[in-house]
Protein chains: 2
Amino acid sequence: MQPQNIALEEVYRLADEALQNNGCDEQNANAVARTITRAERDGCASHGLFRLPGYLKALKSGKANGRADPKVEQLAPSVVRVDGDLGFAPLAHERGRSSLIELTRETGFAAQPIIRTHHFSALWAETEPLAEAGLAAFAFTAYMPSVAPAGGRKPFFGTNPLSFAWPRGDGAPPMVFDMATAAMARGEIMIAARDGHEVPAGAGVDADGAATTDPKAILGGAQLPFGGYKGSAIALMVELLSAGLMGEAFSDEAAARDNRDGGPPQGGELLIAIDPARFGDPEGWLEHSNQYLERLGALEGVRLPGDRRRTNRERIAKDGVSVPQTLLDDIAKLAGA
Amino acid sequence: MQPQNIALEEVYRLADEALQNNGCDEQNANAVARTITRAERDGCASHGLFRLPGYLKALKSGKANGRADPKVEQLAPSVVRVDGDLGFAPLAHERGRSSLIELTRETGFAAQPIIRTHHFSALWAETEPLAEAGLAAFAFTAYMPSVAPAGGRKPFFGTNPLSFAWPRGDGAPPMVFDMATAAMARGEIMIAARDGHEVPAGAGVDADGAATTDPKAILGGAQLPFGGYKGSAIALMVELLSAGLMGEAFSDEAAARDNRDGGPPQGGELLIAIDPARFGDPEGWLEHSNQYLERLGALEGVRLPGDRRRTNRERIAKDGVSVPQTLLDDIAKLAGA
């Protein structure tokens with residue numbers, strides 16, 4: 001079956017309507033639909049409409065609160081927390097963002113723990129708006145166990161992504177990266193299993209802990225962190241920052257309390273924002289770092305992180321989004337009120 | 001020739017005397033000698049006496065200021081900078097540490113840019129004291145170009161280490177990791193070249209950008225980041241945080257202004273400190289995260305980052321440090337007043 005080509009407005013409408021039909025109030029549905037549309041806009045299909053069935057399942061099971069009313073509370077002079085009220089993360093981010101930006105401009109450096117949300121989106125969509133406001137930003141979040149720590153053979157860490165964004169001045173798109181600390185995205189392994197392809201060495205181990213390129217064996221065994229024991233240490237850091245620090249669930253705890261409805265588990269996230277104008281080089285930092293990024297981007301064979309997303313954005317604005325018919329069918333089936 | 005076995009007191013005395021004989025005042029010499037001794041104490045020979053010749057060369061050439069008087073200045077409510085006065089980093093860290101700890105306890109979250117120092121030490125020695133004070137901590141620093149960005153073939157990034165430390169409560173050693181963003185330490189590649197051994201695939205490329213396991217070809221070509229394009233993005237993040245943010249030199253700029261005396265170049269560093277007691281779970285965070293680290297450490301085959309250093313520490317306190325005679329000879333030759 002041919003994939004359907006649909007405009008971004010239609011992506012938004014599809015998501016928003018399905019969410020509102022299944023228990024989201026307008027604010028929550030709009031925020032999730034904006035996040036999904038933003039992902040499709042940049043060609044990041046794995047975090048676009050592909051996630052909508054999971055959101056809907058979490059509403060149907062009652063795990064996520066579709067009428068969440070996230071609250072912002074300052075915990076310390078440089079710490080402003082968002083309590084997501086057990087809703088989906090996008091509204092919690094939208095509610096907390098202006099407080100984090102203001103506090104960072106005031107103090108130079110601030111943190112935003114986000115608790116009690118169900119997180120299912122790409123982190124770049126959360127750091128990029130901070131960099132568009134002129135700040136550098138980090139995001140860290142844990143997930144459900146799927147990655148074996150270096151040396152181990154059983155899933156323990158989540159795929160635990162981290163994102164970093166650096167501002168490039170008025171109107172210029174920030175430099176943004178967003179990476180899972182797993183060697184390979186779980187979705188890619190699932191697609192390889194479905195299609196009967198091998199995955200590259202290093203992606204995971206089978207149930208006995210032996211290295212394998214068989215995606216089905218990895219799904220029954222464990223994924224591996226990127227970069228061996230170094231990536232494993234970074235995955236551990238993400239657990240401590242997004243769970244231990246703020247009284248939220250580590251990946252293994254999140255799995256234990258999840259109802260396995262296929263939607264996102266409840267967990268925490270840490271945002272960090274930095275105002276480069278307050279670090280000693282207020283006049284020079286922007287040109288200095290822009291020149292550096294230009295030197296880097298001019299190297300033969302080198303591409304700046306995030307460049308592909310921006311190329312996609314231009315193409316998709318013109319051509320619309322290609323969505324598999326099976327996904328549209330799944331959504332139609334789940335979306336009925 | 002047999003390596004010499006010497007006590008930690010003797011390591012300290014050797015370093016302190018050599019530094020004072022070559023233009024360091026007492027405060028600067030003591031601080032560097034403490035840093036070197038701390039590395040040897042934990043079995044981290046690559047950052048122990050091995051670095052003393054480089055420190056001495058930087059004093060002899062006049063590049064580093066042996067009588068540096070680092071100054072601490074608050075730049076914003078959560079940002080306290082150290083200006084190292086062109087000396088070696090250890091005294092700058094010692095001078096700045098209490099201000100960073102105090103500010104973090106006050107605000108919950110604080111940053112310390114460190115500029116105008118010559119840095120030649122392990123980052124764990126800088127984050128661990130913050131975690132011993134009950135804070136979580138990051139450190140980031142760039143260096144001289146030796147690593148090709150993912151896709152490239154010429155050295156551009158430094159080996160750009162990052163460290164993270166997490167406190168484990170009164171008297172318990174913190175969880176600390178410290179990793180270069182290069183796939184392999186440059187020192188190990190140099191030793192393999194000297195001894196005629198191959199290095200593992202992925203460590204670097206030759207001058208034409210072709211993958212190789214010949215360490216000499218890599219030293220004439222470029223090292224590679226750990227973990228492919230993900231490690232490369234982290235190396236870029238370290239450049240932006242330790243140079244762009246604070247008006248210090250990116251790795252390529254640091255190399256351009258260095259006099260190539262073999263000692264450490266001038267550069268910047270960023271420390272971040274977090275008070276977990278101010279993030280919403282003041283009563284629970286310590287036990288919660290300690291239990292998690294215990295679950296992780298109990299997994300078959302898994303070792304917590306930093307465990308090896310602590311095992312070394314116990315052994316070396318009893319047995320002393322094994323130092324190659326050739327290194328002691330080099331030091332003796334350089335150390336004469």
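Letters A, B, ... are given to chains in the order of the sequence lines, protein chains preceding strands, and every chain is numbered from 1.
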Worksheet item: Distance only, no hydrogens: is a donor on one side chain within 3.5 Å (strictly under) of an acceptor on the other, for B/S251 and B/E239?
Response: yes
Worksheet item: Is it the side chain or the backbone of A/L245 that comes within 4.5 Å of chain B heavy atoms, both, or neither?
Response: both
Worksheet item: Which bit of A/I115 is near chain B, if near means a heavy-atom gap under 4.5 Å: side chain, backbone, both or neither?
Response: neither
Discussion item. Which atoms of A/D83 are under 4.5 Å from chain B, going by heavy atoms: the side chain, the backbone, both sets, or neither?
Written reply: neither
Worksheet item: For the candidates A/F164, A/F226, A/F250, A/F157, which exhibits the highest count of non-hydrogen atom pairs separated by less than 4.5 Å from chain B?
Response: A/F250
Fill in: Under 3.5 Å: donor-acceptor pair, side chain of B/Q112, backbone of B/G96
yes
Worksheet item: Is the distance between the ring centroids of A/Y292 and B/F156 under 6.0 Å?
Response: yes
Worksheet item: Is a donor on one side and an acceptor on the other found under 3.5 Å between the side chain of A/R278 and the backbone of A/R105?
Response: yes
Item to complete: Keeping the roles fixed (side chain from B/D178, backbone from B/S163), state whether a donor-acceptor pair exists under 3.5 Å.
Response: no
Practice prompt. With a 4.5 angstrom heavy-atom cut-off, could you sort out which part of B/A150 is near chain A: side chain, backbone, both or neither?
Written response: backbone
Fill in: Engaged part of B/A183 at the chain A interface, taking heavy atoms whose separation is under 4.5 Å
backbone
Worksheet entry | Any side-chain heavy-atom pair of B/V147 and B/P225 under 4.5 Å | yes
Discussion item. Could you check whether any side-chain N or O of A/T141 sits under 3.5 Å from a backbone N or O of A/G268, counting only pairs where one atom can act as donor and the other as acceptor?
Written reply: yes
Fill in: Toward chain A, the part of B/A180 with a non-hydrogen atom under 4.5 Å
both
Worksheet item: Side chain, backbone, both or neither: which part of A/K154 has a heavy atom under 4.5 Å from chain B?
Response: neither
Worksheet, complete the sentence: Ranking B/L240, B/D275, B/N290 by heavy-atom pairs under 4.5 Å to chain A gives rank one to B/L240
Worksheet item: If contact means a heavy atom pair closer than 4.5 Å, which residues of residues 280-289 of chain A contact chain B?
Response: A/G280, A/D281, A/W285, A/H288, A/S289
Worksheet entry | Options A/P113, A/P276, A/A111, ranked by heavy-atom pairs under 4.5 Å with chain B, top entry | A/A111
Worksheet item: Considering only heavy atoms, which portion of A/A277 lies under 4.5 Å from any heavy atom of chain B: side chain, backbone, both, or neither?
Response: neither
Worksheet item: Are the side chain of A/E128 and the backbone of A/A131 linked by a donor-acceptor contact shorter than 3.5 Å?
Response: no
Discussion item. Can a donor-acceptor pair be found, under 3.5 Å and without considering hydrogens, that links the side chain of B/T104 to the backbone of B/L100?
Written reply: yes
Worksheet item: Any idea which of B/R153, B/M237, B/E300, B/E106 has the most non-hydrogen atom pairs under 4.5 angstrom with chain A?
Response: B/M237
Item to complete: For chain B, find which of A/D252, A/T107, A/T181, A/L75 contributes the most heavy-atom pairs closer than 4.5 angstrom.
Response: A/T107
Item to complete: Take the angle between the ring planes of A/F109 and B/F109 and call it parallel below 30°, perpendicular above 60°, tilted in between.
Response: parallel
Item to complete: Among B/A136, B/S78, B/A76, single out the residue with the greatest number of heavy-atom pairs under 4.5 Å to chain A.
Response: B/S78
Practice prompt. Work out which heavy atom in B/N160 is nearest to a heavy atom in B/V238; give both atom names and the distance.
Written response: CB-CG1, 3.7 Å
Worksheet entry | Validation row: A/T117, A/V82 side chains within 4.5 angstrom (heavy atoms) | no
Worksheet item: Who among A/G227, A/A233, A/G202, A/G244 has the most heavy-atom pairs with chain B under 4.5 Å?
Response: A/A233
Practice prompt. Return the option, out of B/L162, B/L270, B/L241, with the maximum number of heavy-atom pairs under 4.5 Å with chain A.
Written response: B/L241
Discussion item. A/D307 and salt bridge (Lys or Arg N to Asp or Glu O under 4.0 Å): which single residue from A/R309, A/R303, A/R310 fits?
Written reply: A/R310
Discussion item. Heavy-atom pairs under 4.5 Å with chain A - which of B/L293, B/L296, B/L304, B/I272 has more of them than the others?
Written reply: B/L296
Worksheet item: What part of A/Q291 lies closer than 4.5 angstrom to a heavy atom of chain B: side chain, backbone, both or neither?
Response: neither
Item to complete: With the side chain counted from C-beta on, respond yes when A/K71 and A/D85 share a heavy-atom pair under 4.5 Å apart, and no when they do not.
Response: no
Worksheet item: Checking B/T127 side chain against B/F138 main chain: does a donor-acceptor pair fall under 3.5 Å?
Response: no
Discussion item. Tell me which of these, B/M175, B/M246, B/E248, B/R295, has more heavy-atom pairs under 4.5 Å with chain A than the rest.
Written reply: B/R295
